[in-house]
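So you know, we letter chains A, B, ... as the sequences are listed, proteins then strands, and number each from 1.
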Amino acid sequence: MKFNGYVNKRTLLHRIDPRIKLIWFVGTTVLTVVFKDLLVMALLIASSVALWTISGLLREAGGIVRKLLPLLLMAMVTWLVIGAAENGGGTALVALGTVRLEASDVTRAVVSALRIFLMVTSFYSLIMVTNFSEMIYGLRQFRIPLRAAFMCGLVFQIIPIMISEFRTIADAQRARGLELDKGGIVSRIRRYSIILFPLFIRSIQAGQNIALSMHLYRLEFTRNRSSYRSFRITGGDARFSAAFLLLWAIAVLIGTKYPLQAT
Amino acid sequence: MIVSVRQLSYQYPHGTKPAVNQASFDIAKSETVMLTGSSGSGKSTVAYLLSGVIPHLHRGGKLSGEIEFGSAEARSVGFVTQNPENQLFGYRVEDAIVFGLENMGLHAQEIGVRLNRVLNLFGIQNMRERAVDSLSGGQRQTVCIASVLAMEPDLLILDEPVSSLDPAGKELVSDVLRQLKSQGQTILLIDQNLDWPAGAVDRVIGMEEGGIVFDGAVDDFLRNEEMSARLGVTVPQAVELFHELRSKQEVSWFANVEEAAETLGAMNIAFSVPPHTFEASSPNEDAPSIRIEALVKKYEDFQALAGVDTRFLPGRITAVLGQNGSGKTTMVRHLIRLIEPTSGTIYLDGESIAGKSTAEMARRVAYVFQHPDHMLFEDTVWKETTFSARTMELPWSEDHISALLDAHGLLEFKDAFPNSLSMGRKHILTILSVLSANPDILILDEPTLGMDREMKNLLAKLMKGLASEGKTVIVISHEMAFVADTASEVIVMKGGRILLQGTTQEAFREEALLREAKIELPQITRIANRLGVPGILTIPDFVRLCRFEAKPSGNEVTADEV
């Protein structure tokens, strides 16, 4: 089975206990959801960039950022348009009849894009440095039932497999003479819909294969499962946790005391 | 006795007849038994029944008969499926091997002992930390076998363990099989090919339409030419040669290259000196259908092609050989523009293909993927066959399609769901499907996967027919006997470069270069080489060129003389 998201390196982030990494991911996501604040976002992004740099994952992270750019731009433009259509009562940066673009609209558009950026990159940061086995181990340590932990780990396997299957099937369609990327949007959608049938069949086959493997390796959720690997909290884990607790405290302080909030 | 099967029958929920029908056999401790038969004969269903997949996972269906296990444990059966990629759980090799042991709830110390035992047994301690994803096909298959063996099954079932492997992978798994046998492991090997494991197998069970039609020693099976042909089993070429020669002359039994060379070497055999080249030059040499110049393909972290220059001629079958990762598939995918080159140019009939879309190229160049499931889109075989012609709005006739399906044994399945066909039939179907668009160039990527002997013969005939019509046929294959039988030219690749290109006969004389690319010559060529008559590629050639009890003349050599 393929694990396309994981980067096979031995970096600082890879060495951190999976439980700590899961806490880090959840904490960062919660802060991103709670604080719609430019400074908080900037702080969290700076910490992510620092982590990627220290861990030598800048290239991989850069790849994700490049793929995200169109989505971020689209989010920004959408929020700018919505903001311009509303009258917030602030000073207009640009005014054209009833259309008024204010500074708060720009802040809101930037913060929205940054929040999307942070949510996606923190998830990717987690799966770049935590493999399927570690993920299940980490979730199990938090007393998540094996069935749920295993299913969660499987998601990380199945999504990349399905993306890869989709690409291969699209290639096979092209090789059989179907123009997928020419013509109007409607005809493109109609052509791409042909791919759904083989993709559906392959999804069923992938599911059957997984079920077969689970049977062959005697995975029974009713039985207690042991663990060969055991992770112990190290000095590195403690320093990492302390650094992030401090960072989150600062983020909460900024977010509550000195907000630069998008309305 | 490890397992006794009595009057076992099973019919799938939507099946019209039993997949397994009144099957009875025993497997004794430490035996290596091969379960063989043509596609759809019921082999895999037997494996599912023995491993408990039926009825515990696949429910429904009609099951009768008895499976009795000798051991105290209820069912101690390990099963390695055809595709290890779909079986392994866990990121690293160590994770994948301990997965089953953790599920069994074993203590960490016991897991460690078992893990080290299988790692040492197969000599793969150095792979322990490696990502499963980074392993070659053979290595993955080895890890898969190790992960199942670590669970200490009484019976280990291996389902076509080398079907998708390159020569190095096959060799690795053959070594593993020998290791297991020496350890006294009881093994049920399911395969249609008896050419690679013949030396390690004790007994053969032959299946036909769900029933057992042969159960005996491997030698008895190999000597029974009618039975192996009836079951569509590929036997070692040495055995095929024995049967061919026996029909002309009394010959002592031999079943492998060494025995054949020894037996035939001791006889007074003369050979007409084979022509040095069957097709040294081609009338189309100056007009290649495809020409590749300085083709380079670089990915982020590796270079797949490092400057490839070659050409493909109309009317020729060219085989592209090499280990997995040598650049074969990357090169041929460029020909239909499924891959954009980093640099270099590809010409189709003298015109650069740069800027053309894959769909445009598909009107001239047909590419058949390695896994047919990726190419099947329709709900009937008939619609599937006409898909390309309909998509490209090309003319086609019902009579032509019917004749095409009939000639390749698919007409009776014309209303069947394509995905329900056997792997071999799916492969033939995908090839027929692209042929309905009448392309000038046909590219086949590992087309013999999952094919029995009869289907391989059909495919060879089809390819030769297309070449005789002036079409360019390019085939990627690890089956050297098939290559020797079909291809007039070969390209050997290694590390993204072309190591060797020439007629098949010329190339197969370059033993040192082929060894470097880890390509093993067909058995018949090795036998002929041992007899001092290089350049023989097929059994018909061997039989045609050898003369029994003939006195050497000017253009004849005896095996003794060389």
Side-chain angles (χ1 to χ4, degrees), chain A residues 1-4 6 8 10 59 63 130-137 146 150 153-154 157 161 165 168-182 191 194-195 197-198 201-202 204-206 208-220 223-230, chain B residues 51-53 56-57 78-79 81 83 85-92 94-95 98-108 111-112 115 131-134 147-148 151 300 333 336 338 357-363 366-367 369 371 373-379 387-388 391-392 419 433-434 437:
Chain A
M1 295 190 186
K2 294 169 188 166
F3 303 80
N4 292 359
Y6 184 74
N8 193 19
R10 293 296 298 160
R59 191 167 63 93
T130 317
N131 67 44
F132 163 80
S133 309
E134 292 167 345
M135 191 76 75
I136 292 176
Y137 176 84
L146 175 61
F150 191 77
L154 267 185
Q157 299 194 98
I161 290 171
E165 287 289 331
T168 311
I169 292 166
D171 277 351
Q173 284 278 24
R174 291 186 183 101
R176 292 180 73 180
L178 201 70
E179 285 287 9
L180 287 171
D181 304 312
K182 282 189 178 170
R191 285 175 194 147
I194 298 173
I195 292 175
F197 177 67
I201 299 288
R202 293 293 289 174
I204 291 172
Q205 286 172 343
Q208 284 174 335
N209 286 331
I210 288 167
L212 178 63
S213 294
M214 285 163 64
H215 174 83
L216 298 177
Y217 288 113
R218 302 184 203 172
L219 180 64
E220 292 163 19
R223 185 159 60 181
N224 273 339
R225 190 173 187 269
S226 58
S227 178
Y228 177 58
R229 285 178 84 184
S230 54
Chain B
S51 60
V53 172
H56 298 293
L57 189 62
F79 187 7
T81 60
N83 195 345
E85 219 167 286
N86 292 330
Q87 182 162 344
L88 292 169
F89 279 108
Y91 183 77
R92 301 172 312 145
E94 181 185 287
D95 300 329
V98 303
F99 180 74
L101 305 177
E102 290 174 332
N103 294 339
M104 290 164 72
L106 298 180
H107 190 270
I111 293 175
L115 170 68
V132 170
D133 226 16
S134 72
S147 67
V148 172
M151 295 165 78
E300 269 184 18
R333 285 172 80 95
I336 189 166
L338 281 169
S357 73
T358 299
E360 280 175 280
M361 291 298 298
R363 290 175 178 271
Y367 178 71
F369 282 53
H371 295 290
D373 290 337
H374 290 130
M375 295 193 76
L376 301 173
F377 309 116
E378 296 285 10
D379 54 0
F387 178 90
S388 293
T391 305
M392 292 185 236
N419 276 286
S433 165
V434 297

Given the rule in the side chain to side chain donor-acceptor pair (under 3.5 Å) test, do S433(B) and R176(A) qualify, once you have shown the distances and angles that lead to the verdict? CA-CA 9 Å; S433(B) 165; R176(A) 292 180 73 180; 2.3 Å; yes
Applying side-chain contact (heavy atoms from CB on, under 4.5 Å) to E165(A) and H374(B), what does each step give before you reach the verdict? CA-CA 8 Å; E165(A) 287 289 331; H374(B) 290 130; 3.0 Å; yes
Let's go through V53(B) and L216(A) carefully: what are the C-alpha distance in whole Å and the side-chain angles of both, what is the deciding distance for side-chain contact (heavy atoms from CB on, under 4.5 Å) to 0.1 Å, and is it a yes or a no? CA-CA 8 Å; V53(B) 172; L216(A) 298 177; 4.1 Å; yes
Residues D171(A), R333(B); criterion side-chain contact (heavy atoms from CB on, under 4.5 Å); working and verdict: CA-CA 10 Å; D171(A) 277 351; R333(B) 285 172 80 95; 3.2 Å; yes
Check the pair Q205(A), N419(B) against side-chain contact (heavy atoms from CB on, under 4.5 Å), reporting the backbone distance first and the verdict last. CA-CA 10 Å; Q205(A) 286 172 343; N419(B) 276 286; 3.9 Å; yes
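Between chain A and the residues A437(B), G112(B), A366(B), the most heavy-atom pairs under 4.5 angstrom are made by G112(B). Note on A131(B), G78(B), G105(B): by heavy-atom pairs under 4.5 Å with chain A, the leading option is G105(B). Chain B forms the most heavy-atom pairs under 4.5 Å with one residue out of R202(A), Q173(A), R59(A), and that residue is Q173(A).
Proximity to chain B (any heavy atom under 4.5 Å) is shown, for L212(A), by both the backbone and the side chain. Looking at T81(B), only its side chain comes within 4.5 Å of chain A, counting heavy atoms on both sides. With a 4.5 angstrom heavy-atom cutoff, L115(B) touches chain A only via side-chain atoms. For E378(B), the part lying near chain A is the backbone, with the side chain staying farther off; criterion is any non-hydrogen pair under 4.5 Å. Interface remark: I201(A) contributes side-chain atoms only to the contact with chain B (heavy atom separation under 4.5 Å). Using a 4.5 Å cut-off between heavy atoms, I336(B) touches chain A through its side chain atoms alone. Interface remark: R229(A) contributes backbone and side-chain atoms alike to the contact with chain B (heavy atom separation under 4.5 Å).
The minimum heavy-atom distance between G177(A) and A362(B), with the atom names listed, is N-CB, 3.6 Å. Taking each heavy atom of S227(A) and A108(B) in turn, the nearest pair found is O-CB, 3.9 Å. In this structure, M375(B) and A172(A) approach most closely via the heavy-atom pair CG-CB, 4.0 Å. The minimum heavy-atom distance between T358(B) and A175(A), with the atom names listed, is CG2-N, 3.7 Å. The minimum heavy-atom distance between Q87(B) and S213(A), with the atom names listed, is CA-OG, 3.1 Å.
For the residue pair R218(A) and N103(B), no side-chain donor N or O sits within less than 3.5 Å of a side-chain acceptor on the partner.
Using a distance-only test at 3.5 Å, with no hydrogens or angles considered, a donor-acceptor pair links the side chain of S226(A) to the main chain of L106(B). Looking only at distances, a side-chain donor or acceptor of E102(B) sits under 3.5 Å from a matching main-chain atom of Y228(A).
Taking the six-membered ring where the residue is Trp, F99(B) and Y217(A) present perpendicular rings, their angle passing 60° and hence far from 30°.
At least one side-chain heavy atom of L154(A) sits less than 4.5 Å from a side-chain heavy atom of F89(B).
With rounding to the nearest 0.5 Å, the separation of OG1 in T168(A) from CG in D373(B) is 11.5 Å.
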